[in-house]
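Input: a single structure, listed below in structure tokens.
For the numbers below, each heavy atom of this structure counts, side chains included, while hydrogens, waters and symmetry mates do not. Both counts, for ligands and for their atoms, begin at 1 and track the order of listing.
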Amino acid sequence: MPGYKVRDPSLAALGRDSIRWAEERMPALVRLRGEFASTKPLKGFRVGACLHVTKETAVLMRTLLAGGAEISLCASNPLSTQDDVAAALAEEGVSVYAWRGESEEEYYDCIMRVLMDGPQITMDDGGDLTVLAHERQLADGILGGTEETTSGVHRIKALEAEGILKYPVIAVNDAFTKYLFDNRYGTGQSAIDGVIRATGILLAGKRLVVCGYGWCGRGIAQRARGMGAQVIVTEINPLRALEAVMDGFAVMPMEEAAKVGDVFITATGNIRVIRAEHMALMKSGAIMANAGHFDVEIDVKGLASISISKRRVRPNVDEYSLPDGRRLYLLAEGRLVNLAAAEGHPGEVMMMSFSNQALSVKYLIERAGALEPKVHRVPEELDERVARLSMECMGIRIDEPTEEQRDYMRRWERA
Ligand code: ADE
């Protein structure tokens, strides 16, 4: 049995049921597992993964195991581990170092354990594993890596721009079959799910402020509108703001949105988007949640500094009292609300993201030593394969172009 550190190994049976539930929603990835089991493309390679330890991640881990990989796994957020799933994976031979509620120190300690296991491939969500491998000079034996999320790709591109990235990293986030589905429909649903599970509020008729109109923000805005909220978007990018306007949303600066919003959800990837100066303008009862990868978007210290007291009033809900009697609510301590207060994205979209992950790891191993230490796109043919496989699994067929149509698309002459 490999080493592991989880909350409670006796939760494994519960975890197995939970993983089976996810598997039923992730048929394309299960199909890839069958292929990996017969061809063993990862045989003898150790994958070091820093991911949200959820039932969907477990389906990916089982796929890599079937492909012959050895795996060390830690969490990519201190609050996102599903302890039953972690226990089940430990029992299945994964070196899991993860539990819900890790302290900051424990969080980094778990990442270090994964690195000390000597991975040849890193699989990251947010960039912490990749960055630590570089900071601690532990990148030498690493052949390549993958990165799951927008914030992580951003950080790894910054390593590349400084000329210090030591191995090739595939930006899984940037595959079409990832961000158009996971970021938009996954975050769209799961962020709202987190807010509702934490608070139980009715969204219909609420003024819901979405900060950031990237793919995640779009998804949240769309879903909130579908539930009857009056959606307001804040942005710093004029192009995205313009899109939000034409998509029919109210757009205004945070300073104005702060005065009217009932619920605020950040999804910008940037730092201190809701600050104390904005909180000072909010209505009593306003609820703030973050859907971005890091807990930097809502200025939690700023909120504490303008408050006279704080208390937990429900799981994942902290009430901050202001000197004038107003009460503001912060969900999940400003951490990823969809994973901390709900179960993360549903399997249907994680199936696509994680099929890209599995195929990208295989691709990196096949080309070990041949790729430059840069950020690479998921090859188009893999992205298309994930789309085809997903459609097939959904039982939806599409047309094939005729020979005449193929020919026409290659020509500049009119027919
Ligand atoms: N990121 C968002 N949702 C997730 C999930 N369900 N599992 C793993 N990573 C995620």
Side-chain angles (χ1 to χ4, degrees), residues 15 18-26 28-30 47 49-64 71 73-86 88-89 94 96 98-100 107 111 122-129 146-153 171-175 177-195 197 214-217 219-220 223 265-267 269 289-295 332 335-358 360-361:
S18 183
I19 298 167
R20 203 181 68 191
W21 186 260
E23 267 172 1
E24 284 176 18
R25 268 130 214 101
M26 304 174 81
L29 187 57
V30 172
V47 176
C50 178
L51 300 170
H52 301 297
V53 182
T54 63
K55 57 191 184 307
E56 291 77 23
T57 294
V59 184
L60 172 61
M61 296 298 107
R62 284 182 174 177
T63 307
L64 303 182
I71 308 173
L73 170 67
C74 63
S76 56
N77 185 294
L79 287 186
S80 64
T81 296
Q82 294 166 1
D83 287 320
D84 55 346
V85 169
L89 284 175
V94 176
V96 188
W99 57 96
R100 186 184 162 101
Y107 173 74
I111 299 180
T122 56
M123 184 177 272
D124 211 351
D125 187 338
D128 283 341
L129 178 67
T146 63
E147 171 51 55
E148 168 78 4
T149 202
T150 318
S151 297
V153 169
V172 166
N173 179 73
D174 298 353
T177 48
K178 200 282 182 180
Y179 73 86
L180 289 176
F181 303 92
D182 173 314
N183 300 26
R184 179 167 39 176
Y185 302 114
T187 309
Q189 178 167 316
S190 64
I192 301 275
D193 184 14
V195 170
R197 287 198 208 193
W215 290 102
C216 295
I220 298 166
R223 276 4 188 189
I265 306 180
T266 54
N290 168 49
H293 185 82
F294 290 109
D295 58 342
R335 294 192 188 274
L336 267 174
V337 72
N338 56 343
L339 282 139
E343 292 173 78
H345 303 349
E348 288 85 343
V349 290
M350 294 317 295
M351 167 181 89
M352 291 188 238
S353 309
F354 286 167
S355 294
N356 278 296
Q357 285 282 7
S360 294
V361 169

Please could you name the atoms of ligand 1 that [X] approaches to less than 4.0 Å, counting only its heavy atoms?
X    : result
G344 : 3 (N), 6 (N)
T57  : 7 (N), 8 (C)
F354 : 8 (C)

(request) Give, for atom OG of S353 and atom CE of M26, the distance between the pair rounded to the nearest 0.5 Å. (result)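 Answer rounded to 0.5 Å: 8.0 Å.
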
(message) Rounded to the nearest 0.5 Å, what separates atom CD in E343 from atom NE2 in H52?
(response)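 Reported to 0.5 Å precision, the distance equals 14.0 Å.
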
(message) Can you confirm whether the side chains of D125 and N77 place a donor and an acceptor under 3.5 Å from each other?
(response)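 No donor-acceptor contact under 3.5 Å links the two side chains.
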
(message) With no hydrogens and no angle check, just 3.5 Å: does a side-chain donor-acceptor pair link N356 and T177?
(response)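 Side-chain D/A pair, N356 to T177: present.
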
(request) Measure the distance from atom 1 (N) of ligand 1 to every protein heavy atom, then report the residue, atom name and distance (to 0.1 Å) of the closest one. (result)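 The closest one turns out to be H52 CD2, 3.6 Å.
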
(request) Could you tell me the residue and atom name of the protein heavy atom closest to atom 10 (C) of ligand 1, and the distance to it rounded to 0.1 Å? (result)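 The protein heavy atom lying closest is M350 CE, 3.6 Å.
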
(message) Using a strict threshold of under 4.0 Å (side-chain N to carboxylate O), is an ion pair present between D83 and R100?
(response)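 No.
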
(request) Flag the pair K178 and D174 as a salt bridge only when some basic side-chain nitrogen lies within less than 4.0 angstrom of an acidic carboxylate oxygen. (result)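 Between D174 and K178 there is no salt bridge, as every charged N stays at least 4.0 Å from the carboxylate O atoms.
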
(message) Looking only at distances, can you tell me whether any N or O atom of H345, backbone or side chain, sits closer than 3.5 Å to an N or O atom of ligand 1?
(response)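 For ligand 1, there is an N or O atom that lies under 3.5 Å from one belonging to H345.
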
(message) When you compare ligand 1 with T54, is there at least one nitrogen or oxygen pair between them that comes in under 3.5 angstrom?
(response)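 Yes, there is a polar N/O contact under 3.5 Å.
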
(request) With sequence neighbours excluded, tell me which residues meet side-chain contact (heavy atoms from CB on, under 4.5 Å) with E348. (result)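 If we apply the side-chain contact (heavy atoms from CB on, under 4.5 Å) test to E348, skipping adjacent residues, the hits are R25, P346.
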
(request) Please state which part of E343 comes within less than 4.0 Å of ligand 1, counting heavy atoms only: side chain, backbone, both or neither. (result)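 Looking at E343 and ligand 1, just backbone atoms fall under 4.0 Å.
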
(request) Check each heavy atom of E56 against ligand 1 and say whether those closer than 4.0 Å belong to the side chain, the backbone, both or neither. (result)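 Within the 4.0 Å criterion, E56 contacts ligand 1 through side-chain atoms alone.
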
